[in-house]
Amino acid sequence: MYIKRLQLRNYRNYERADLEFDRGINVFYGLNAQGKTNLLESLIFLSLSHSHRTNEDKAVIRQGEQYARLRCTVDDFNLTVVIHEKGHTLFKNQELLKKSSDFIGLLNVVLFAPDDLWIFQDAPKERRRMMDQEIGKIDRSYVTALNQFRLLLKERNALLKKETVDSAYLEILNQRLVRVEMQIISRRGAFVRSVNQSIGLYYEKLSHTAVPVSLVYKCCIDEPYDEAKIAAMHAASFVRDQILQSTTCGIHHEDIQFQFDGQNINDRASQGQKRLVMLAFKMSILQFIKDQTTRQAVLLLDDVLSELDEQRQEYLLEMLLDYGQVILTTAIVPPALKKYAKRLFKIEQGNIVTG
C-alpha cells in the first residue's frame with residue numbers, strides 16, 4: 001500500500017495543502033503546534049472515517065469554515081472525506097459510500113504516538129478498543145459480530161432488569177450471544193497469537209537486547225475455546241446477573257496484558273523500555289495486517305525520535321529502511337534521519353514546503 005498524494009482543504013490549521021509522498025521514509029519537521037500531528041490525523045481519518053483525537057467530526061473543520069475535505073490517492077484509487085456540520089460523507093473514486101464499513105481499511109495505516117504508552121495503564125476497555133480496531137480494519141465480519149454482540153448485550157441487560165425474567169426468551173438471547181462471542185474470541189485469540197510471533201523479535205532489533213516480550217489474552221473462558229464453555233459461563237453467572245441486573249461476564253470484560261521479562265510490563269519495564277515495547281507492538285500489527293491481507297500498511301510515527309537516544313534512533317531507522325512507506329514527524333531532523341529520509345517537508349503555521 002502506497003499513499004501517492006494527499007490534499008487537504010480547511011482541515012484544522014490547514015487552509016490548503018497538496019502533497020506528494022515517496023516510498024520509504026517521508027519526514028515532516030517543524031516547531032511544536034505547527035500542524036504536524038494534524039497531518040497524521042488526517043490520514044487516520046481517511047483510514048478509519050473518524051479522528052483518533054476527538055469524537056466530534058466538526059471539531060476538525062478549520063475555524064470559520066463550513067466544511068473540510070480530505071482526499072488521498074492510494075495505489076490506483078482515490079478516497080475522499082467531506083466533513084460538515086452533520087457529520088461526514090465518504091467517497092471512493094467519486095462514488096458515494098453509504099456505510100463506513102465499506103470505507104474503513106481501504107487505506108490501512110498504523111500510528112505510533114507518544115500517548116500510546118498510556119495503554120499499559122489504561123482500563124481494560126481501552127486495550128479491548130485498540131485490539132478491536134486493529135482486527136476490524138481488516139475483517140468486516142468481526143465488526144459485524146461486535147455490533148451484534150452490543151445489541152444482544154443491551155437486550156439481555158434490559159431483560160435482567162425486569163421484575164420477572166422470561167426464561168424462554170433469555171435462552172434464545174443466550175444462544176445468540178454464545179455464537180457471536182465465539183466468533184469474537186476466535187479472532188482475538190488469533191490476533192494475540194500473531195502478535196506474539198514477532199513482537200519479541202522486533203523488540204530485540206530495537207533494543208539489541210534479548211528480553212521476553214509478549215501479550216497475554218485474558219479471555220473470559222479457558223482454552224481450548226468452544227461454545228459450550230461460553231454457555232456454561234453464562235449459566236453459572238445467571239444468579240449474580242439477576243441480582244446486579246447486568247451481564248457480569250463475557251467478552252466485554254476481557255483484557256490483554258503486556259508482559260516484559262515474564263511480568264506485567266507495569267511492574268517490570270522502565271519508561272524507555274515501554275516505548276520500545278510499544279514500537280515493537282506496532283510493528284507486529286503491521287506484520288499481522290500483511291499476513292492477513294498480503295498488503296503492507298502505511299506506518300505513521302508521531303514524534304517517535306524525541307525520547308530515543310542516537311543509537312536507538314539508528315536501530316529504528318535501519319529497521320524502517322526495509323519497510324514500505326513511513327510518514328514521520330519530528331521537531332528537528334537529527335543526522336541519522338537525514339541519512340535515511342527519502343523526502344523532507346517543513347511545516348510552519350499550516351504551510352508545508354519541501355526540503
Side-chain angles (χ1 to χ4, degrees), residues 1-6 21-26 40 43-49 52 72-79 92 101-113 116 119 127 129-146 183-184 186-207 213-215 217 256 258 276-302 304 315-328 340-343:
M1 184 171 288
Y2 165 41
I3 302 172
K4 297 178 180 178
R5 187 179 183 184
L6 173 67
F21 295 99
D22 207 333
R23 298 182 188 274
I25 301 175
N26 299 263
L40 296 186
L43 295 172
I44 295 289
F45 214 121
L46 283 159
S47 175
L48 297 177
S49 78
H52 65 297
C72 69
T73 303
V74 184
D75 296 334
D76 58 351
F77 60 90
N78 298 312
L79 297 174
K92 179 185 178 184
S101 58
D102 292 333
F103 184 89
I104 294 171
L106 292 174
L107 166 62
N108 216 326
V109 302
V110 173
L111 170 71
F112 171 88
D116 286 341
I119 204 69
R127 287 184 288 276
R129 183 195 60 78
M130 175 186 64
M131 178 168 54
D132 291 341
Q133 177 177 285
E134 297 303 335
I135 300 170
K137 284 193 300 188
I138 62 171
D139 188 345
R140 291 180 186 175
S141 66
Y142 183 78
V143 177
T144 300
L146 281 175
Q183 294 177 47
I184 294 168
S186 296
R187 295 299 287 122
R188 287 179 175 178
F191 172 78
V192 170
R193 287 193 298 274
S194 175
V195 167
N196 282 337
Q197 288 176 2
S198 57
I199 188 171
L201 297 174
Y202 284 124
Y203 180 83
E204 186 171 350
K205 287 182 179 181
L206 288 166
S207 66
V213 178
S214 63
L215 264 63
Y217 177 28
I256 53 172
F258 288 79
L276 295 182
V277 169
M278 181 52 66
L279 274 168
F281 176 59
K282 298 292 182 171
M283 297 303 294
S284 297
I285 292 174
L286 291 169
Q287 187 62 52
F288 167 74
I289 293 170
K290 187 176 181 181
D291 290 344
Q292 297 292 314
T293 68
T294 71
R295 302 175 73 197
Q296 193 78 281
V298 177
L299 177 60
L300 309 180
L301 298 173
D302 192 14
V304 68
Y315 294 158
L316 172 61
L317 294 169
E318 285 175 4
M319 189 166 69
L320 295 179
L321 203 58
D322 296 327
Y323 188 68
Q325 189 174 46
V326 180
I327 300 174
L328 181 153
Y340 292 106
K342 285 289 188 72
R343 187 166 291 189

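Counting from 1, the numbers follow the sequence of the chain as shown.
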Is there a side-chain contact (heavy atoms from CB on, under 4.5 Å) between Val195 and Phe281 once you walk through the steps?
CA-CA 7 Å; Val195 167; Phe281 176 59; 3.9 Å; yes
Please round to the nearest 0.5 Å and tell me the distance separating atom [atom1] of [X] and atom [atom2] of [Y].
X: Leu111; Y: Ile44; atom1: CG; atom2: CD1; answer: 4.5 Å
X: Arg188; Y: Tyr142; atom1: CZ; atom2: OH; answer: 4.0 Å
X: Ile135; Y: Asp139; atom1: CD1; atom2: CG; answer: 8.0 Å
X: Ile104; Y: Leu48; atom1: CD1; atom2: CG; answer: 6.5 Å
X: Leu328; Y: Asp302; atom1: CG; atom2: CG; answer: 8.5 Å
X: Leu146; Y: Gln183; atom1: CG; atom2: CD; answer: 10.0 Å

[X] vs [Y] side-chain heavy atoms within contact, under 4.5 Å:
X: Val298; Y: Phe21; answer: no
X: Gln296; Y: Tyr323; answer: yes
X: Lys205; Y: Met283; answer: no
X: Phe258; Y: Leu215; answer: yes
X: Leu6; Y: Leu43; answer: yes
X: Val110; Y: Lys137; answer: yes

Over all atoms of both residues, closest heavy-atom pair of [X] and [Y]:
X: Phe77; Y: Leu106; answer: CZ-O, 3.4 Å
X: Ser47; Y: Leu107; answer: OG-O, 2.7 Å
X: Ser214; Y: Ile199; answer: CA-CG2, 4.2 Å
X: Asp116; Y: Met278; answer: O-CE, 3.5 Å
X: Leu206; Y: Leu276; answer: CD1-O, 3.7 Å
X: Tyr202; Y: Ser284; answer: CD1-OG, 3.6 Å

Counting only N and O atoms by type, is there a donor-acceptor contact under 3.5 Å from the side chain of [X] to the main-chain atoms of [Y]?
X: Lys92; Y: Asn78; result: no
X: Arg127; Y: Ile256; result: yes
X: Asp291; Y: Phe288; result: no
X: Asn26; Y: Ile327; result: no

Under 3.5 Å, is there a donor-acceptor pair linking the side chains of Tyr217 and Arg193?
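No, no side-chain donor-acceptor pair sits under 3.5 Å.
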Would you sort out whether Val213 and Glu204 count as a side-chain contact (heavy atoms from CB on, under 4.5 Å), showing the intermediate values?
CA-CA 9 Å; Val213 178; Glu204 186 171 350; over 6 Å; no
Please lay out, stage by stage, how Leu320 and Tyr340 fare under the test side-chain contact (heavy atoms from CB on, under 4.5 Å).
CA-CA 9 Å; Leu320 295 179; Tyr340 292 106; over 6 Å; no
Check step by step if side-chain contact (heavy atoms from CB on, under 4.5 Å) holds for Val109 and Met1.
CA-CA 9 Å; Val109 302; Met1 184 171 288; over 6 Å; no
